Amino acid sequence: MTVVTRFAPSPTGFLHIGGVRTALFSWLYARRHGGRFLLRIEDTDRERSTEAAVQAIFEGLEWLGLVADAPPVFQTRRMARYREVIERMLAEGTAYRCYCTKEELDALRAAQMARKEKPRYDGRWRPEPGKTLPPPPPGVAPVVRFKNPAAGRLVVHDLIKGAIEFDNAELDDLIIARADGTPTYNFCVVVDDMDMGITHVIRGDDHVNNTPRQINILRALGAQPPAYAHVPMILGADGVKLSKRHGAVSAIEYRALGFMPEALLNYLVRLGWSHGDEEIFSRERMIELFDLSEVHKSPARFDMDKAVWVNHQYLKTADPAIVAPELDWHLRRIGVDPGQGPPLAAVILAQRERCKTLVEMAEKSAFFYVEPKAYHDKDAAKHLTADAAPLLEALSARLAALPQWTAPALHEAVNALAAERGVGLNKVAQPVRVALAGQAISPPIDQTLALLGRERTLARLAAAVKFVQNRQN
RNA sequence: GCUCCUAUCGUCUAGAGGCCUAGGACGGAGCCCUCUCAAGGCUUAAACCCGGGUUCGAAUCCCGGUAGGAGCGCCA
């Protein structure tokens with residue numbers, strides 16, 4: 001049997017990071033078993049679903065590389081099919097019409113709560129042998145309810161949580177079609193999973209309580225229920241359900257925060273899953289090792305510090321050709337055109353040890369492409385001093401005459417100057433840093449010079465000398 | 001209230017009855033290295049929710065508490 005998994009978000013907002021993790025698990029499981037991963041847009045809630053949200057889902061999944069193996073299924077385009085199945089169930093007696101009004105139902109619920117019972121439909125329109133139903137009241141459009149088995153137990157063999165038992169008596173007759181004829185969530189899910197040939201439903205564990213109902217509907221339809229795996233949700237740092245007030249919850253926000261897609265995936269896969277002491281997993285390695293049976297049953301908290309650490313591991317080791325497009329995106333985002341200046345790959349190699357995120361890398365690398373707006377106050381005060389000016393001038397003259405503009409030659413030139421003047425290397429390097437980068441932070445000075453190029457270097461050294469002189473007057 | 005789920009350092013986790021004096025990672029503290037910022041190396045503090053049982057032996061199995069979470073919609 002070929003494994004078929006699916007990710008089924010509802011387009012009512014952004015692509016939630018918790019959703020990304022279940023999508024990742026579904027994707028990995030399919031890949032691991034040579035199966036197929038499908039995408040389904042659950043847009044039956046016309047009120048809240050938006051086209052923008054659909055686009056956000058596509059965009060997020062594409063950035064992360066969690067691509068489906070077939071075009072997405074939209075539930076709103078399957079209404080005819082749902083109606084057909086409802087008619088069939090009505091005809092077969094596994095569903096029935098219920099003429100209760102919302103007001104009646106609200107009153108029922110309130111009464112049950114007052115009696116400290118679990119609120120549930122009392123079955124007043126449920127047909128039973130020997131039971132006489134009241135005549136349908138005029139003017140009430142009926143809903144359709146599923147006729148759930150009244151007795152017996154049902155056990156869900158969850159691939160993550162193990163056996164979970166439910167009493168059918170606990171499950172009431174849920175509505176599968178509204179008064180206006182449109183189908184409801186639990187019903188659509190069942191029909192879609194059946195029609196799409198889903199073999200493994202991997203979803204958030206807020207759905208465990210829906211599972212026995214869905215299995216019962218599937219059985220009523222004569223279909224073989226898929227295997228289920230309910231993954232625990234992701235909590236914020238404070239242990240409360242991850243929400244907007246925790247900062248970034250939308251997957252795409254992590255791009256803006258400076259994450260590499262592979263790093264985000266790596267961090268996410270380690271939340272609730274592990275393989276011994278390994279921390280870093282390439283896509284291939286995840287696919288090779290991932291297994292639902294090793295997914296934790298308990299929820300995990302999102303730890304931004306660790307996520308950033310993982311990101312740094314990727315920046316440090318990834319092929320610069322992979323990082324370059326992302327850095328390009330971030331530089332342009334802050335108004336820097338990396339077209340004129342050193343190749344991005346070379347800058348990445350020089351910067352990646354000291355940058356944990358692409359935001360940081362872009363900020364620290366902008367000076368290779370544009371003039372620093374101003375000197376960092378404290379750094380200028382400390383390093384662009386009267387003592388430093390002559391050193392900058394001397395270095396400038398030396399560099400202007402340097403035959404080879406290469407890191408080793410530049411290294412030699414700077415060292416020689418410091419030695420001749422009898423000062424430590426830092427006495428030269430630090431003022432040069434501020435002159436070139438605007439602040440006392442940059443890659444090793446020889447690399448910085450090599451990347452910046454002769455023309456820009458000489459111009460900025462001259463400007464720094466002028467800056468010192470102006471301040472003295 | 002009812003149903004269902006969960007429980008190892010601050011956080012993510014290893015742990016399948018003796019290998020546990022509970023291991024790793026992030027973060028913290030300290031030291032070393034060093035032209036800045038980093039990176040790196042070394043050292044260190046830090047946890048089995050509680051109570052019963054089973055067993056020669058329990059973080060691991062069972063029961064009961066406690067705490068947290070999810071669900072109980074003509075939402076998905």
Side-chain angles (χ1 to χ4, degrees), chain A residues 8-12 42-45 47-49 75 98 100-102 105-106 109 112-120 141-145 156 158 161-162 164-167 169-172 174-180 182-186 188-189 204-212 230 232-233 235 237 239-241 267 270-280 296-310 312 316 351-356 360 364 379 383 411 414-415 418 424-430 432-434 437 439-446 448:
Chain A
S10 57
T12 53
E42 308 211 323
D43 54 357
T44 50
D45 185 348
E47 303 277 297
R48 298 192 299 153
S49 297
Q75 291 189 323
C98 165
C100 285
T101 61
K102 284 183 190 181
L105 261 14
D106 288 344
R109 245 192 300 276
Q112 287 166 329
M113 294 283 260
R115 269 180 272 132
K116 304 194 176 205
E117 289 168 15
K118 177 174 175 173
R120 47 147 77 88
V143 298
V144 178
R145 286 184 184 270
V156 178
D158 193 279
K161 294 183 183 281
I164 308 173
E165 276 192 76
F166 295 89
D167 212 320
E170 290 294 332
L171 276 22
D172 62 356
L174 74 158
I175 292 172
I176 58 175
R178 302 181 183 94
D180 67 2
T182 58
T184 59
Y185 168 76
N186 275 297
C188 296
V189 165
D205 74 357
D206 47 336
H207 289 286
V208 277
N209 290 292
N210 288 327
T211 308
H230 287 97
M233 56 184 200
L235 271 23
V240 177
K241 188 171 179 167
Y267 177 72
R270 278 285 289 105
L271 228 43
W273 175 83
S274 65
H275 185 261
D277 288 339
E278 280 186 56
E279 295 286 353
I280 303 302
H296 263 221
K297 298 173 174 183
S298 51
R301 301 183 189 206
F302 192 98
D303 181 5
M304 189 55 92
D305 284 339
K306 180 134 185 198
V308 165
W309 177 81
V310 172
H312 192 200
K316 282 199 297 183
Q351 293 284 41
R352 61 189 190 176
E353 295 274 292
R354 75 204 77 248
C355 301
K356 293 184 198 293
E360 212 183 318
K364 288 182 175 169
D379 290 348
H383 300 295
H411 184 78
V414 176
N415 273 343
L425 183 54
N426 59 324
K427 291 289 180 204
V428 180
Q430 289 299 76
V432 171
R433 270 201 176 85
V434 180
Q439 61 177 347
I441 297 175
S442 88
I445 204 67
D446 52 346
T448 304

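Just so it is clear: chains get the letters A, B, ... in the order the sequence lines come, proteins before strands, and each one is counted from 1. Note that the coordinates shown come from a computational prediction; the quantities given were computed from them, not determined experimentally.
- Of the listed nucleotides (B/C35, B/G24, B/A76), B/A76 has the atom at the smallest distance from the side chain of A/N186.
- At the heavy-atom level, A/G239 lies nowhere under 4.0 Å from the strands shown.
- Listed nucleotides B/C35, B/C74, B/G1 differ in distance to A/K116; the shortest reach to its side chain belongs to B/G1.
- A/Q112 places none of its side-chain heavy atoms less than 4.5 Å from the side chain of A/K118.
- Across all strands shown, A/N210 has heavy atoms under 4.0 Å from base atoms, whether or not it also approaches the sugar-phosphate.
- Contact between the side-chain N/O atoms of A/T44 and the OP1/OP2 oxygens of B/A76 is found at a separation under 4.0 Å.
- OP1 and OP2 of B/U11 both lie 4.0 Å or more from every side-chain N or O belonging to A/K306.
- A/Y267 places a side-chain heavy atom less than 4.5 Å from the side chain of A/F302.
- Atom name P, nucleotides B/U43 and B/A25: the rounded distance is 11 Å, in whole Å.
- Under the Watson-Crick or G-U wobble criterion, with both distances below 3.5 Å, B/U21 has no partner in any strand shown.
- Comparing B/G52 with B/A16, their C1' atoms sit 24 Å apart, to the nearest whole Å.
- Distance from the side chain of A/F166 is smallest for B/U3 among the nucleotides B/C5, B/U36, B/U3.
- When the P atom of B/G71 is taken as reference, atom CD of A/E117 falls 22 Å away, rounded to whole Å.
- Of the candidates B/C5, B/C26, B/G1, B/G1 carries the atom nearest the A/P119 side chain, counting heavy atoms from C-beta on.
- Among the heavy atoms of the strands lying under 4.0 Å from A/A440 is at least one base atom, whether or not backbone atoms are also near.
- If you take NE2 of A/H275 and P of B/G24, they are 19 Å apart, rounded to a whole angstrom.
- Using a 4.0 Å cut-off, some side-chain N or O of A/H296 falls inside it from OP1 or OP2 of B/A14.
- Contact annotation for A/R301: backbone-only contact, meaning every heavy-atom pair under 4.0 Å involves sugar-phosphate atoms and none involves a base.
- When heavy atoms are screened at a 4.0 angstrom cut-off, A/E165 is found touching the sugar-phosphate backbone but no base atom.
- Nucleotide B/A39 has no partner under the Watson-Crick or G-U criteria, as no pair reaches both atom distances under 3.5 Å.
- B/C61 is paired with B/G53 under the Watson-Crick or G-U wobble criterion, all donor-acceptor distances under 3.5 Å.
- Within 4.0 Å of A/K102, counting heavy atoms only, lies at least one base atom of the nucleic acid.
- With a 3.5 Å ceiling on both atom-pair distances, B/A45 lacks any Watson-Crick or G-U wobble partner.
- For the pair A/K316 and B/A38, the criterion of a side-chain N or O lying under 4.0 Å from OP1 or OP2 is not met.
- Using P as the reference atom, B/C32 and B/A70 are 49 Å apart when rounded to the nearest Å.
- Side chains of A/P232 and A/S298 form no contact here, defined as non-hydrogen atoms less than 4.5 Å apart.
- Across B/A22 and B/A47, the matching C1' atoms stand 9 Å from one another, rounded to whole Å.
- With a cut-off of 3.5 Å on both pairing distances, the Watson-Crick or G-U wobble partner of B/A7 is B/U66.
- Heavy atoms of A/H383 sit nowhere under 4.0 angstrom from any nucleic acid atom.
- In this structure, A/P9 reaches neither bases nor backbone, as no heavy-atom distance under 4.0 Å exists between it and the strands shown.
- Nearest to the side-chain atoms of A/K118 among the listed nucleotides B/U6, B/G71, B/G24 stands B/G71.
- Atom-to-atom, CZ of A/R120 to C1' of B/C2 comes out at 8 Å; the value is rounded to the nearest Å.
- Taking the side chain as every heavy atom from C-beta outward, A/V208 and A/I164 approach each other to under 4.5 Å.
- Heavy atoms of A/E170 sit under 4.0 angstrom from primed sugar atoms or phosphate atoms, though from no base atom.
- Base engagement by A/P443 is indicated by at least one non-hydrogen atom pair under 4.0 Å involving a base atom.
- Using C1' as the reference atom, B/U21 and B/A59 are 15 Å apart when rounded to the nearest Å.
- Close to B/G73, at under 4.0 Å from its OP1 or OP2, lies a side-chain N or O of A/R109.
- Contacts of A/C100 with the nucleic acid, taken as non-hydrogen atoms under 4.0 Å apart, include base atoms.
- Side-chain to base pairing of A/E353 with B/G40: no donor and acceptor N or O lie closer than 3.5 Å to each other.
- Proximity note for A/I175 (side chain, C-beta onward) versus B/A70, B/G23, B/C74: the nearest is B/C74.
- The nucleotide whose nearest atom lies closest to any side-chain atom of A/D305 is, among B/A25, B/C74, B/C26, B/C26.
- Contact annotation: the side chain of A/K364 approaches that of A/I441 to within less than 4.5 Å [non-hydrogen atoms, C-beta and beyond].
- Minimum interatomic distance between A/L425 and A/A418 (heavy atoms only, all atoms of both residues): CA-CB, 4.2 Å.
- Rounded to the nearest Å, the gap between the P atom of B/U11 and that of B/C2 is 30 Å.
- Nucleic acid contact class of A/L271 (heavy atoms, under 4.0 Å, all strands): sugar-phosphate only.
- Within the 4.0 angstrom heavy-atom criterion, only backbone atoms of the sugar-phosphate kind lie near A/S274; the bases stay farther away.
- Between A/E170 and A/R120 the shortest side-chain heavy-atom distance falls below 4.5 Å.
- Between the CZ atom of A/R115 and the P atom of B/U3 there is a distance of 16 Å, rounded to whole Å.
- Applying the salt bridge (charged side-chain N to carboxylate O under 4.0 Å, His left out) definition to pairs two or more places apart or across chains, those involving residues 270-280 of chain A are A/R270-A/E279, A/E278-A/R285, A/E279-A/K306.
- No side-chain heavy atom of A/K161 sits under 4.5 Å from any side-chain heavy atom of A/V156.
- Summarising the geometry, the separation between CE on A/M233 and P on B/U6 is reported as 14 Å, rounded to the nearest angstrom.
- For A/N209, taking side-chain heavy atoms from C-beta onward, the closest of the listed nucleotides B/C4, B/U11, B/C35 is B/C4.
- Distance from the side chain of A/D206 is smallest to B/G71 among B/C35, B/G27, B/G71.
- As rounded to the nearest Å, B/C49 and B/A7 have P atoms that lie 10 Å from one another.
- Using a 4.0 Å heavy-atom criterion, one finds that A/N426 contacts the sugar-phosphate atoms exclusively.
- When rounded to the nearest whole Å, the span between CG of A/L174 and P of B/A76 equals 12 Å.
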